[in-house]
Amino acid sequence: MSFSKLFGRIYLAWGGLWFIGSFLLLYPFFVLFIKVKSWQKFTVPVNKIWCLLFFPPSFISIKSDWRFKPNSKELYIYCPNHTSLMDIPVLTKVLPGFICFMGKDSLAKLPLFGYMFRNLHITVNRRSASDRYKSIQLCYDKLEEGRPVVIFPEGTTNQKQMPSLQPFKDGAFRIAIQKQLPVVPVTLPFNGIILPDDKSFTAGFHKAVAVMHEPISTIGMKEADADILRERVHAIILAELQAQYKNEKH
């Protein structure tokens, strides 16, 4: 085993220790607030505390590039690229308000964390058409509750060499048009370096960057416009990824 791989595994263990340890410390508060529907919004400050307990000791700094500053009282459909399990913690730290993630159903099966995730967020089995339909209906429910929704339009983590972006699925854009809500493209260029989703069981040092792009209004759009909206968001994120990696080389 090379030194860099050994170091990456030690670093992964260190970060994992802080992630799990801080979650266990706060877990009773998650359980308490989840039990009562009207108290669930109080999990927002608990999550922020969790981030404070996890990121600094793990030597992960986050740079937020605000091309647009979201209003915590407004509804948006956030559409980030997806390269890593680190994407959800970074967005939890950065985004304001009581946001709701749409994530893969395997997250709901994790011990303890799964209880928190499935009760506060939306899980989906993308291999099941009925489950995908159910998740869309749950999105509408969360939006009706006043919660902005984060949907990864790639549908899965991108494991190709960066800068790259997989084709986007339509769901997020059809929901946005149906509800006439703005779509906010979000670029996360380096999370795949920090925690690659490639079964290498290593981690790497890099600053996490989250770029919040200007929202795209869907007012007046029809369902037939979903393809145009999807490709526009794809182009914005891909161009930003290419720019970020070009700057890395200089």
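Quick note: numbers below take in every heavy atom, side chains included, and nothing from hydrogens, waters or symmetry partners. In what follows, residues are counted from 1 in the order of the sequence shown. Everything numeric here is computed off the predicted structure, so don't read it as measured data.
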Open item on the list: If only side-chain N and O atoms count, and only distance matters, is there a donor-acceptor pair under 3.5 Å linking Thr187 with Asn81?
Closed with: no
Open item on the list: Please report whether the ring centroid of Phe59 lies less than 6.0 Å from that of Tyr11.
Closed with: no
Open item on the list: Check this for me: Phe29, atom CZ, are more than 12 non-hydrogen atoms of other residues, nucleotides or ligands nearer than 6.0 Å?
Closed with: no
Open item on the list: Show, in sequence, the C-alpha distance, side-chain angles and deciding distance for Phe152 and Phe168, and conclude whether the ring pair (Phe, Tyr, Trp, His ring centres under 6.0 Å) test is met.
Closed with: CA-CA 9 Å; Phe152 297 100; Phe168 282 179; over 10 Å; no
Task: Any donor-acceptor pair under 3.5 Å from Asn47 side chain to Val44 backbone - done: no
Task: Mutual orientation of the aromatic rings belonging to Phe7 and Phe205 [parallel < 30°, tilted 30-60°, perpendicular > 60°] - done: tilted
Open item on the list: Within the structure provided, determine whether Val90 and Lys93 are in side-chain contact (heavy-atom separation under 4.5 Å).
Closed with: no
Task: Residue pair Ile77 / Val184, side-chain heavy-atom distance below 4.5 Å - done: no
Open item on the list: What I want to check is whether the side chains of Trp18 and Ser58 have a donor and an acceptor closer together than 3.5 Å.
Closed with: no
Open item on the list: Counting C-beta onward and ignoring hydrogens, is there a side-chain heavy-atom pair between Phe190 and Tyr245 closer than 4.5 Å?
Closed with: yes
Open item on the list: Please determine whether a side-chain nitrogen of the Lys or Arg among Glu144 and Lys179 lies less than 4.0 Å from a carboxylate oxygen of the Asp or Glu.
Closed with: yes
TODO: With the side chain counted from C-beta on, respond yes when Pro189 and Met162 share a heavy-atom pair under 4.5 Å apart, and no when they do not.
DONE: no
Open item on the list: Between His82 and Thr157 (side chain of the first, backbone of the second, donor and acceptor by atom type, cut-off under 3.5 Å), is there such a pair?
Closed with: no
- [ ] Answer yes or no: is there an ion pair linking Glu240 with Arg67, defined by an N-O contact shorter than 4.0 Å?
- [x] yes
Open item on the list: Is it the case that the side chain of Tyr78 and the backbone of Leu91 share a donor-acceptor pair, with hydrogens and angles ignored and the cut-off at 3.5 Å?
Closed with: no
Task: SB check Asp131 Lys134 (cutoff 4.0 Å) - done: no
Open item on the list: Under a 3.5 Å cutoff, is there a donor and acceptor pairing between the side chains of Ser84 and Asn191?
Closed with: no
- [ ] Find out whether Leu241 and Leu188 are in side-chain contact, i.e. whether some heavy atom of one side chain is under 4.5 Å from a heavy atom of the other.
- [x] no
TODO: Could you tell me whether Glu145 and Lys37 have a side-chain N and a carboxylate O separated by less than 4.0 Å?
DONE: yes
- [ ] State, yes or no, whether a side-chain contact exists between Ile88 and Leu107 at a heavy-atom distance under 4.5 Å.
- [x] yes
Open item on the list: If you count every heavy atom of other residues, nucleotides or ligands that lies below 6.0 Å from Lys63 atom NZ, does the total exceed 12?
Closed with: no
Task: Lys/Arg cation over aromatic Phe98: Arg147, 6.0 Å, 45° cone - done: yes
Open item on the list: Could you check whether Lys169 pairs with Glu154 (Lys NZ or Arg NE/NH1/NH2 to Asp/Glu carboxylate O, under 4.0 Å)?
Closed with: no
Open item on the list: Quick one, Thr123 and Lys104 - any side-chain contact, counting heavy atoms below 4.5 Å?
Closed with: no
Task: Trp66 atom CH2: more than 12 heavy-atom contacts under 6.0 Å - done: yes
- [ ] Fit a plane to each ring of Trp50 and Phe23, take the angle between them on a 0 to 90° scale, and name the class: parallel (under 30°), tilted (30 to 60°) or perpendicular (over 60°).
- [x] tilted
Task: Main-chain N/O of Pro163 paired with Gln242 side-chain donor or acceptor, under 3.5 Å - done: no
Open item on the list: Would you say CD of Gln137 has more than 12 non-hydrogen atoms from neighbouring residues, nucleotides or ligands within 6.0 angstrom?
Closed with: yes
- [ ] State, with a plain yes or no, whether a side-chain heavy atom of Leu6 is found less than 4.5 Å away from one of Thr202.
- [x] no
TODO: Report yes or no: does Ser217 contribute a side-chain atom to a donor-acceptor pair with the main-chain N or O of Pro182 at less than 3.5 Å?
DONE: no
Open item on the list: I want to know whether Tyr27 and Phe113 have ring centres closer than 6.0 Å.
Closed with: no
Open item on the list: Checking side-chain polar atoms at under 3.5 Å, does Glu248 have a donor or acceptor matched by the opposite partner on Gln244?
Closed with: no
- [ ] Determine, step by step, whether Val183 and Arg232 satisfy the side-chain contact (heavy atoms from CB on, under 4.5 Å) criterion, reporting the C-alpha distance in whole Å, the side-chain angles of both residues, the deciding distance to 0.1 Å, and the verdict.
- [x] CA-CA 11 Å; Val183 172; Arg232 183 177 173 187; over 6 Å; no
